Each structure stands twice: as structure tokens, then as C-alpha cells.
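Read the structure below first, then the notes.
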Amino acid sequence: MLAHETADGTVAVRLVEVEAYRGLGEDPGSHAHRGPTPRTRVMFGEPGRLYAYFTYGMHTCLNVVGHAPGAAGAVLLRGATVVEGLELARSRRGGASDRDLARGPARLAVALGVPLSASGADLLAPPFRLLVPAAPPTAVVSTARTGVSGAGGGAAYPWRFAVAGDPGVSPYRRHARSHD
DNA sequence: AGTTTGATCGTCT
DNA sequence: GACGATCAAACTC
């Protein structure tokens, strides 16, 4: 579960879909594939931090940095259901259905009210709160990652993990520009 | 210094 | 199912 507190209040979500990315040549789909850059440097640092990036000219997506010592990597938060601050999440998402409030990585960032500038923040300290449920979900499925182009998008990297059948899981989409 | 591309979403058909 | 929005980072001269 991840919570974020602002002057407007607190929104908390239960994460039901994530994707894993690694760095340094091990994972062609990762932003950290070619080593650290100003944007991705946080992926090479302390686990438990936020890696937020801006994409498609208008969207912010959130990752939790997490990897073995000396490695690099992060987990993209792709889908969630709102468990606290429902009214605030609704107002931020302007008219979307309750199911769609945090169903998708960019929607999730909007619902939580996390700005791009928060990248690098410690998710274990205020205004954030990140915790693992006492009873982890049992029916977790792994599939190919969503929207990833090139070699990282195939079945070679089945690093998308979702709670089976949960309404907060986003629909699978293949990469927008992969034609045949 | 110029070009390309995207870990997406909402809207329209 | 298809497409446009919109811009920063990364890549190519």
C-alpha cells in the first residue's frame, strides 16, 4: 500500500499491478539500460526511493527503486485501487469512474497527487507511506510488460505482476509503434 | 544543434 | 480500433 499526503489531504492506494525493470544492459526495456543519466540516477541509488519520470509530453509515472546491492532497478506502479481519500482522488481525476481512478501508471500518479519533482524522495518517510500487507495477495500472475518496445517487450521479460482478476489491473497494450 | 521516440490516456469512430 | 496531444531525454550528426 502506498499513501501520499498533501495540503489537500491523504490518498492511499492498494497496489495490484507492477512491472520490474533492471539496469546496466541486463534489461533492454529499462530506462537504466545504458547506465545512469540525470533522469535515471535515482535508480542506481538507495532502495525505497521514488523514481518519477515524465513521458508522452504529459504523463508522470511512478516507480519504487529496489534492487540488490551494487545493481540498479525499479518497479513501475501500473495499477491500484483507492482505499483512502476517495473524494480527493475523484476530484483530481476529474470525472473518471471509480474503477479508473488509479488504473494505469499515469492515472495512479494523478490520483495520488505526486508531482514529477518528487522524484528521489524517500517513500518510507512523510509525506509518503509505503507498507506491505500482512497477508500478501495469493493469486498473482506474471505476464509480458505493457507498452515496451523492442527486445524488452516480448515474452523474454515476463516481469509484469498483477493480482489476478482485480478491477484495478490495467488492460494490456502492446507498444504503440510496433507494426509488422 | 536538430531529430526521434516514448514503461500513456482520452476521445472519436 | 485508431489517433492526436505535447515535450523532455536520449540519440545522431
Side-chain angles (χ1 to χ4, degrees), chain A residues 2 11 13 15-45 47 49-67 71-82 89-121 123 130 140-163 166-180:
Chain A
L2 176 64
V11 170
V13 299
L15 302 167
V16 297
E17 181 192 357
V18 299
E19 280 176 9
Y21 290 87
R22 304 195 66 183
L24 294 172
E26 302 177 73
D27 178 1
S30 173
H31 290 167
H33 176 49
R34 307 198 181 222
T37 67
R39 180 176 64 156
T40 63
R41 70 189 181 284
V42 66
M43 282 180 82
F44 294 81
R49 306 289 268 275
L50 174 71
Y51 166 50
Y53 67 89
F54 182 80
T55 192
Y56 287 104
M58 63 190 82
H59 293 306
T60 299
C61 299
L62 310 178
N63 297 248
V64 178
V65 175
H67 52 74
V75 172
L76 170 67
L77 309 180
R78 286 202 56 88
T81 54
V82 175
R90 279 178 183 144
S91 71
R92 283 174 175 156
R93 290 278 296 120
S97 72
D98 282 2
R99 188 191 181 197
D100 286 345
L101 289 178
R103 181 172 174 253
R107 295 165 170 178
L108 198 161
V110 171
L112 280 173
V114 178
L116 181 61
S117 59
S119 192
L123 291 174
L130 178 65
V140 175
V141 295
S142 80
T143 66
R145 294 180 296 194
T146 299
V148 178
S149 69
Y157 297 88
W159 295 346
R160 175 188 187 224
F161 303 97
V163 176
D166 192 286
V169 175
S170 70
Y172 179 80
R173 287 195 194 89
R174 136 190 216 240
H175 185 257
R177 270 186 240 223
S178 16
H179 306 297
D180 39 3

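Treat the numbers as computed from the prediction; the structure is a model and nothing was measured. Basis for what follows: all heavy atoms, side chains included, without hydrogens, waters or symmetry-related copies.
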Without decimals, in angstroms, what is the distance between N63(A) CG and dT8(B) P?
11 Å
Nearest to the side chain of H59(A), which nucleotide is it out of dC9(B), dT6(C), dG6(B)?
dC9(B)
Mapping L76(A) and R93(A) onto DNA chain B by nearest heavy atom, which one lands closer to the 5' end?
L76(A)
Do Y53(A) side-chain and dA8(C) base share a donor-acceptor contact under 3.5 Å?
no
Whole angstroms only, please: what is the CE-P distance between M58(A) and dG4(C)?
13 Å
Of the candidate nucleotides dA10(C), dA7(B), dT8(B), which contains the atom at the shortest distance from the side chain of T146(A)?
dT8(B)
Remember a base hit wins even if backbone is also touched, and classify R39(A) as base, sugar-phosphate or nothing at under 4.0 Å, heavy atoms.
sugar-phosphate
Send over the distance from Y56(A) OH to dA10(C) P, rounded to a whole Å.
16 Å
For atom CG of L116(A) and atom P of dC7(C), their distance in whole Å:
13 Å
Distance below 4.0 Å between R173(A) side-chain N/O and dG1(C) OP1 or OP2
no
Would V11(A) and R92(A) count as a side-chain contact (heavy atoms from CB on, under 4.5 Å) here? Give the steps.
CA-CA 10 Å; V11(A) 170; R92(A) 283 174 175 156; 3.4 Å; yes
For a quick check of understanding: with a heavy-atom distance under 4.0 Å over all strands, which category does G147(A) fall into, base, sugar-phosphate or nothing?
sugar-phosphate
